Amino acid sequence: MSSPSIHRLSLGQIEAQIATMGAECISLKKNGLEFLWQANPKVWGRHAPVLFPIVGKLKDNQYSHNGKTYTMGQHGFARDRDFELIEKTEQELTMVLKADELSKKVYPFDFELSIKYRLTDNGMHVTYNVRNPSENENLLFSIGAHPGFACPLEAEKESFSDYLIDFGQKEINKLPLYTLDDGLISAQRKTLALDAGKIALDYKLFEKDALILDVAPITHVSVISQKTGKGFAMEFSDFKWLGIWTKEKGAKFVCLEPWNGIAATTDHDGSLENKLGIEKLLPQGLHTAEFKVELMG
């Protein structure tokens with residue numbers, strides 16, 4: 001395989017750059033304005049990592065399968081592997097990662113993960129395809145997205161707190177949230193209070209880590225500046241959970257994270273098959289999930 005490289009896409013006013021390392025989108029612009037967080041390593045050194053074959057954290061960073069124990073860090077390994085470019089036009093590309101000797105040291109499954117990026121007139125569609133090439137074994141996995149959006153988009157004009165999260169349903173005044181205990185899902189739940197389906201961004205919302213909610217009945221969210229009207233939106237009806245996250249106070253980004261998978265629970269017995277959020281893909285099966293990003297501004 002060739003060394004990691006960066007591929008550029010363009011459609012009208014939309015431009016993107018995709019790195020083969022992690023199949024990660026590292027730039028997404030509209031009319032020259034950068035909408036993706038630019039990975040300041042002193043704050044958070046990633047742009048939009050792909051989470052596979054787990055989402056979130058494992059209890060003690062370990063799991064068991066068929067009587068053997070494996071160690072795997074948070075969010076899995078795909079984000080740190082070089083993908084192969086298999087198809088490219090000016091407006092879209094597809095990259096693939098397959099099981100190999102390195103992956104099987106920590107994840108004893110055959111798999112093929114392909115990721116397709118396709119530009120649209122006002123943003124980008126991202127499609128995940130997970131295929132199980134095995135003829136006799138289920139594929140146990142999770143997959144999710146972790147794109148970080150620049151927030152504020154124009155730091156000289158506005159601040160983080162000038163933005164509203166809009167869940168697109170005015171009748172909703174609260175949403176149930178999962179809570180985290182050292183990165184694991186705890187039995188406790190809490191509630192996010194909304195005003196006509198909206199809430200102002202505030203670093204205090206993230207003092208206990210990410211906001212994590214069930215996608216149903218939410219399938220669309222937008223983050224819009226009250227000063228400039230610019231922002232970004234995401235549609236994620238193919239996913240089961242949504243995480244919203246930023247780092248410490250002053251971090252100039254917010255992540256919108258659609259997941260088919262979630263961190264292990266605090267009482268997880270360690271078995272990968274029994275882990276919350278694990279997808280079970282039959283032999284020769286295919287799992288497809290797409291999310292759509294819209295850029296406003």
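Fair warning: this is a prediction, and the values are worked out from it, not measured in the lab.
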Problem - Within 6.0 angstrom of N31 CG, more than 12 heavy atoms from elsewhere - result: yes
* What class does the angle between the rings of W245 and H146 fall in, given that below 30° is parallel, 30 to 60° is tilted and above 60° is perpendicular? -> perpendicular
For this session: Please say whether more than 12 non-hydrogen atoms of neighbouring residues, nucleotides or ligands are located less than 6.0 Å from CD in E248.
Result: yes
On a heavy-atom basis, the closest approach of A263 and G183 is CB-O, 3.4 Å
query = Counting only heavy atoms not in E171, do more than 12 sit closer than 6.0 Å to its CD atom?
reply = yes
So C25 and I18, side chain to side chain contact (heavy atoms under 4.5 Å, CB included) or not? Walk me through it. CA-CA 4 Å; C25 184; I18 316 296; 3.8 Å; yes
Contacts satisfying salt bridge (charged side-chain N to carboxylate O under 4.0 Å, His left out) that involve residues 226-236 (not counting sequence neighbours) are E154-K230, D162-K227
Quick check against the 3.5 Å criterion: does Y117 have a side-chain atom that pairs as donor or acceptor with the backbone of Q17?
no
query = Within a radius of less than 6.0 Å around CD of E87, do more than 12 heavy atoms belonging to other residues, nucleotides or ligands occur?
reply = no
Item to complete: Evaluate side chain to side chain contact (heavy atoms under 4.5 Å, CB included) for T120 paired with R118, printing each intermediate quantity in order.
Response: CA-CA 7 Å; T120 65; R118 178 172 65 87; 4.1 Å; yes
> Is the count of non-hydrogen atoms from other residues, nucleotides or ligands lying under 6.0 Å from K252 atom NZ greater than 12?
Replying inline: no
### Close side-chain approach of F149 to V293, heavy-atom, < 4.5 Å
yes
- Query: For the side chain of S142 and the backbone of V55, is there at least one donor-acceptor N/O pair under 3.5 Å apart?
  - Reply: no
I'd like to know if I199 and F232 are part of one continuous hydrophobic network [Ile/Leu/Val/Met/Phe/Trp/Tyr, side-chain heavy atoms within less than 4.5 Å]. yes
d(L180 CG, I262 CD1) to nearest 0.5 Å is 8.0 Å
- Query: Once the angle between the rings of W37 and F253 is folded into 0 to 90°, is it parallel (under 30°), tilted (30 to 60°) or perpendicular (over 60°)?
  - Reply: tilted
Scanning both residues in full, the closest heavy-atom pair of L140 with Y107 reads O-OH, 2.6 Å
**ILVMFWY network linking L97 to M21, side-chain heavy atoms under 4.5 angstrom** = no
Legend entry - Heavy-atom side-chain proximity of L175 to L211 below 4.5 angstrom: no
One should read off an interatomic distance between Q91 CD and L93 CG, to the nearest 0.5 angstrom, of 11.5 Å
>> Quick check against the 3.5 Å criterion: does T20 have a side-chain atom that pairs as donor or acceptor with the backbone of S5?
In response: yes
Checklist line | Evaluation steps, side chain to side chain contact (heavy atoms under 4.5 Å, CB included), between W259 and V215 | finding: CA-CA 9 Å; W259 302 334; V215 163; over 6 Å; no
Q. Any side-chain heavy atom of P283 sitting closer than 4.5 Å to one from N136?
A. no
In short, side-chain hydrogen bond (donor to acceptor under 3.5 Å, both in side chains) pairs touching residues 56-77 with sequence neighbours left out are H65-E137
* In the single-linkage hydrophobic clustering (I, L, V, M, F, W, Y; side-chain heavy atoms under 4.5 Å), do L242 and L276 co-cluster? -> no
Distance col, row F239:CZ vs I143:CD1, nearest 0.5 angstrom, shows 7.0 Å
query = Looking at side-chain heavy atoms only, is the closest gap between R81 and L102 below 4.5 Å?
reply = yes
When you compare the side chain of I218 with that of F236, does any pair of heavy atoms fall below 4.5 Å? yes
So, do I165 and L201 sit near enough that their side-chain heavy atoms are less than 4.5 Å apart?
yes
message: Tell me whether E158 contacts the main-chain N or O of E156 through its side chain, where contact means a donor paired with an acceptor under 3.5 Å.
response: no
Interatomic distance, NZ@K29 vs OG@S10, rounded to 0.5 Å, equals 11.5 Å
(Q) Just checking K247: does its NZ atom have more than 12 heavy atoms from other residues, nucleotides or ligands closer to it than 6.0 angstrom? (A) yes
For Y128 and F52, I'd like to know if the aromatic rings sit close, meaning centre-to-centre distance below 6.0 Å. no
Q) Can T228 and L153 be said to form a side chain to side chain contact (heavy atoms under 4.5 Å, CB included), step by step? A) CA-CA 9 Å; T228 69; L153 288 166; over 6 Å; no
Under a 4.0 Å threshold between the charged nitrogen and the carboxylate oxygen, would D110 count as salt-bridged to K98? no
Any side-chain donor paired with an acceptor under 3.5 Å for D269 and S271? no
Closest non-hydrogen atoms of F160 and P152, given as atom of the first, atom of the second and distance, are N-CD, 3.9 Å
#### Entry: Presence of salt bridge, R79 and E24, under 4.0 angstrom
no
Taking the side chain as everything from C-beta on, heavy atoms only, tell me whether D238 gets closer than 4.5 Å to T288. no
- Verify whether one side chain among E15 and S27 offers a donor that lies under 3.5 Å from an acceptor in the other. no
Smallest heavy-atom separation, L58 atom then M72 atom, equals CD1-O, 3.7 Å
So for atom CD, which belongs to Q284, do other residues, nucleotides or ligands contribute more than 12 heavy atoms lying within a distance under 6.0 Å?
yes
**Asked** Does the pair D209/K190 count as a salt bridge with the N-to-O cut at 4.0 Å?
**Response** no
Correct closest heavy-atom pair for F291 and A145 would be CE2-CB, 3.5 Å
Notebook entry, point to check: Within the side chain of K249, is there an N or O that forms a donor-acceptor pair under 3.5 Å with the backbone of Y203?
Noted result: no
(Q) Under 6.0 Å from the ring centre and within 45 degrees of the ring axis: does the NZ or CZ of R189 meet both conditions for the six-membered ring of Y178? (A) yes
Backbone N/O of S103 and side chain of D100: donor-acceptor pair under 3.5 Å:
yes
Subject >> Sidechain-backbone polar pair: N260 side chain, K240 backbone, donor-acceptor under 3.5 Å >> reply: yes
Rounded to the nearest 0.5 Å, the OG1 atom of T179 sits from the CD1 atom of I185 at a distance of 7.0 Å
Checking Q169 side chain against P217 main chain: does a donor-acceptor pair fall under 3.5 Å? yes
Tell me whether N132 contacts the main-chain N or O of L282 through its side chain, where contact means a donor paired with an acceptor under 3.5 Å. yes
Correct closest heavy-atom pair for L177 and L213 would be CD2-CB, 4.0 Å
Separation between CZ (F77) and CD1 (I54), nearest 0.5 Å, reads 9.5 Å
Would you find a donor on one side and an acceptor on the other, under 3.5 Å apart, between the side chain of E92 and the backbone of L119?
no
